[in-house]
Amino acid sequence: MCDKVNDGLKSADLLAWYDDHARSLPWRVSPADRKAGVAPDPYAVWLSEIMLQQTTVAAVKNYFIRFMTLWPTFEDLANAEDERVMGEWAGLGYYARARNLLKCARTLRDQGGFPKDRAGLETLPGIGPYTSAAIAAIAFDHPETVVDGNVERVMARVFEITAPLPDAKPEMKKAAASLTPKMRPGDYAQAVMDLGATICTPKSPACGICPWRAPCKSRLSGLAPTLPRKRKKAAKPVRYGIAYLARRDDGAWLLERRPDKGLLGGMLGWPGAEWGELAQEAPPILANWRDPGAEVRHTFTHFHLLLSLRVADVPMDAQPVQGSFQVLRKSDLPTVMRKAFDLVVEQGALKQAEGVPSEDNVVAHQ
DNA sequence: CAGCCGTGGCA
DNA sequence: TTGCCAAGGCT
């Protein structure tokens with residue numbers, strides 16, 4: 001048997017479970033198809049893995065399908081315009097991923113395709129230890145050990161690793177490596193993650209139907225739902241800011257392209273001063289600014305934002321100090337900026353004496 | 001290397 | 001309402 005045995009934990013048991021319970025996902029080759037010789041598309045594997053970084057399957061699905069439709073190959077993506085790709089990524093978050101995605105696609109174009117091993121993959125922008133192992137395993141069926149949040153949780157439980165993260169990372173990685181099989185490593189990598197996502201879930205693990213219930217140490221001890229342990233995170237501070245929404249008489253909006261580095265890097269946004277402990281007035285154009293009253297509440301990774309709004313209708317000859325006028329596609333905006341737009345429309349804070357314009361007049365939907 | 005970097009769903 | 005969490009990487 002090629003199967004590794006480790007305290008009764010057998011990859012074959014997990015693979016057997018995966019054969020019957022694998023989730024059907026747009027980027028996945030089913031275990032049956034894989035056995036029939038169907039090879040995954042490395043481009044689809046790579047794109048999905050980048051999108052799935054710190055992001056749920058539910059959130060990714062439609063973005064993945066949209067990207068594959070617009071840009072079916074990495075060459076197509078490499079030849080796309082930056083603004084177009086950033087706009088399609090809008091709403092998915094962690095925008096550095098989109099910038100690195102483009103950078104990586106253009107490197108692939110210049111190099112003529114994907115490196116065929118993990119080390120080569122990890123040299124590419126946006127591809128780190130997890131993603132390089134995932135692509136090598138899933139796309140090329142290399143016996144690399146994939147370690148993500150799911151795997152850490154499963155390992156912490158089956159081996160009852162009680163040391164807190166991130167201290168326990170090396171131990172969990174070692175545990176994961178001890179289980180990685182030489183047969184079907186691609187299916188195995190996806191099987192552990194499916195187990196973590198559907199059975200060995202963070203809050204109420206369904207231990208009763210787990211293929212590894214018998215050898216799982218923390219199921220016996222009852223500690224499973226409490227693992228893995230994690231160090232406490234710092235409380236999020238509150239930052240304040242003001243967003244300025246100016247609508248020109250021809251329907252164009254005053255927007256700015258944010259710098260590549262930092263928060264919402266490379267994305268479109270409403271002009272204004274940087275957010276901080278105090279909200280700073282910084283009108284981007286001379287106008288009769290009005291306060292619609294409502295505020296945007298939004299939480300980022302490491303702070304809460306309270307965003308006040310200013311709205312103005314401006315004439316065609318107005319000259320902005322910051323940003324430029326352009327036709328707005330709401331779908332190009334990151335979520336916090338969409339919230340500001342939605343509030344302004346809801347408040348009816350714009351001219352149009354007879355009420356709010358219908359969205360179709362101001363927004364070109366995708 | 002610890003801080004930075006989005007968003008939505010859920011208890 | 002609040003905090004936690006999701007197929008992490010970069011600096």
Side-chain angles (χ1 to χ4, degrees), chain A residues 23 25-28 44-64 86 89-101 103-104 121-139 144-154 165-167 169 173 176 186 188-198 200-205 225-239 258-267 269 275 296-305 333-339:
Chain A
R23 287 176 292 174
L25 302 170
W27 49 85
R28 172 174 288 178
V45 173
W46 164 65
L47 178 61
S48 67
E49 289 300 338
I50 300 299
M51 288 184 165
L52 286 162
Q53 289 169 1
Q54 296 290 287
T55 309
T56 58
V57 165
V60 164
K61 272 184 180 168
N62 290 337
Y63 281 88
F64 174 81
M86 297 310 287
W89 195 278
L92 197 53
Y94 283 136
Y95 299 100
R97 292 183 297 172
R99 299 194 303 275
N100 284 329
L101 187 81
K103 208 178 300 178
C104 186
L121 289 162
E122 200 169 334
T123 65
L124 295 167
I127 299 184
Y130 162 74
T131 306
S132 61
I135 297 173
I138 298 170
E144 299 287 356
T145 299
V146 168
V147 184
D148 72 331
N150 287 305
V151 176
E152 287 178 343
R153 184 170 57 256
V154 171
L165 287 169
D167 310 40
K169 268 182 186 294
K173 183 184 171 124
Y188 175 79
Q190 296 176 90
V192 192
M193 294 191 282
D194 272 25
L195 185 73
T198 64
C200 198
T201 52
K203 287 164 190 169
S204 316
T226 72
L227 299 177
R229 293 177 182 162
K230 300 188 179 180
R231 298 203 177 285
K232 287 222 183 295
K233 297 168 187 174
K236 293 181 191 346
V238 182
R239 291 187 193 171
R258 300 171 64 90
D260 277 347
K261 303 270 180 191
L263 192 73
L264 306 176
M267 302 302 292
W275 307 330
V296 173
R297 289 179 161 279
H298 192 77
T299 298
F300 292 94
T301 311
H302 53 294
F303 67 94
H304 300 286
L305 175 67
L333 297 178
T335 300
V336 64
M337 303 298 175
R338 279 184 217 182
K339 284 185 182 177

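The sequence lines fix the lettering, A, B, ..., with proteins before strands; numbering per chain opens at 1. Computed from a predicted structure; not experimentally measured. FYI, side chains are in, hydrogens and waters are out, and symmetry mates aren't considered; it's all heavy atoms of this structure.
Rounded to whole angstrom, the span from the NZ atom of A:Lys169 across to the P atom of C:dG8 amounts to 9 Å. Rounded to an integer number of Å, the gap from A:Lys233 NZ to B:dG6 C1' is 14 Å. The interatomic distance linking A:Trp275 (CH2) with B:dC4 (C1') rounds to 14 Å, in whole Å. To the nearest angstrom, P of C:dC5 lies 15 Å from CG of A:Asp148. The CG atom of A:Asp194 sits 14 Å away from the C1' atom of C:dA6 (whole-angstrom rounding). Distance, A:Leu101 CG to C:dG9 C1': 13 Å, rounded to whole Å.
The same atom, P, is picked in B:dC5 and in C:dT2; the two are 22 Å apart, to the nearest Å. Distance check on atom P: C:dC4 versus B:dG3 gives 16 Å, rounded to whole Å. Comparing the P positions of B:dG6 and C:dT11 gives an interatomic distance of 14 Å, to the nearest angstrom.
Using a cutoff of 4.0 Å between basic side-chain nitrogens and carboxylate oxygens, A:Arg229 and A:Asp167 are not scored as salt-bridged.
Counting only distance, with no hydrogens or angles, the side chain of A:Arg97 and the backbone of A:Gly126 share no donor-acceptor pair below 3.5 Å.
Within the 4.0 angstrom heavy-atom criterion, no nucleotide atom of any strand lies near A:Ile135. Among the atoms of the strands shown, none is found under 4.0 Å from any heavy atom of A:Pro166. Contact annotation for A:Arg28: base contact, defined as any heavy-atom pair under 4.0 Å involving a base atom.
A donor and an acceptor atom, one from each side chain of A:Lys236 and A:His302, are nowhere located under 3.5 Å apart.
A sub-4.0 Å separation between OP1 or OP2 of C:dG8 and a side-chain N or O of A:Gln54 is present. Phosphate contact (OP1/OP2 of C:dA6, side-chain N/O of A:Arg153, threshold under 4.0 Å): present. Close to B:dG6, at under 4.0 Å from its OP1 or OP2, lies no side-chain N or O of A:His298. Taking side-chain N and O atoms only, A:Tyr94 has no distance below 4.0 Å to OP1 or OP2 of C:dA6. Close to B:dC5, at under 4.0 Å from its OP1 or OP2, lies a side-chain N or O of A:His302. Checking the phosphate oxygens (OP1, OP2) of C:dA6, a side-chain nitrogen or oxygen of A:Lys230 falls inside 4.0 Å.
Scanning atom types as modelled, no donor and acceptor separated by under 3.5 angstrom connect the side chain of A:Thr335 and the base of B:dG8. One cannot find a donor-acceptor pair under 3.5 Å joining the base of C:dG8 and the side-chain atoms of A:Thr131.
Taking every heavy atom of both residues into account, A:Thr198 and A:Arg23 meet most closely at CG2-CD, 3.8 Å.
With DNA chain B read from its 5' end, the first of the two nearest nucleotides for A:Arg338 and A:Phe303 is the one closest to A:Phe303.
Nearest to the side-chain atoms of A:Lys203 among the listed nucleotides B:dC10, C:dG8, C:dC10 stands B:dC10.
A:Trp275 carries A:Arg258 over the face of its six-membered ring, with the cationic atom under 6.0 Å from the centre and within 45° of the normal.
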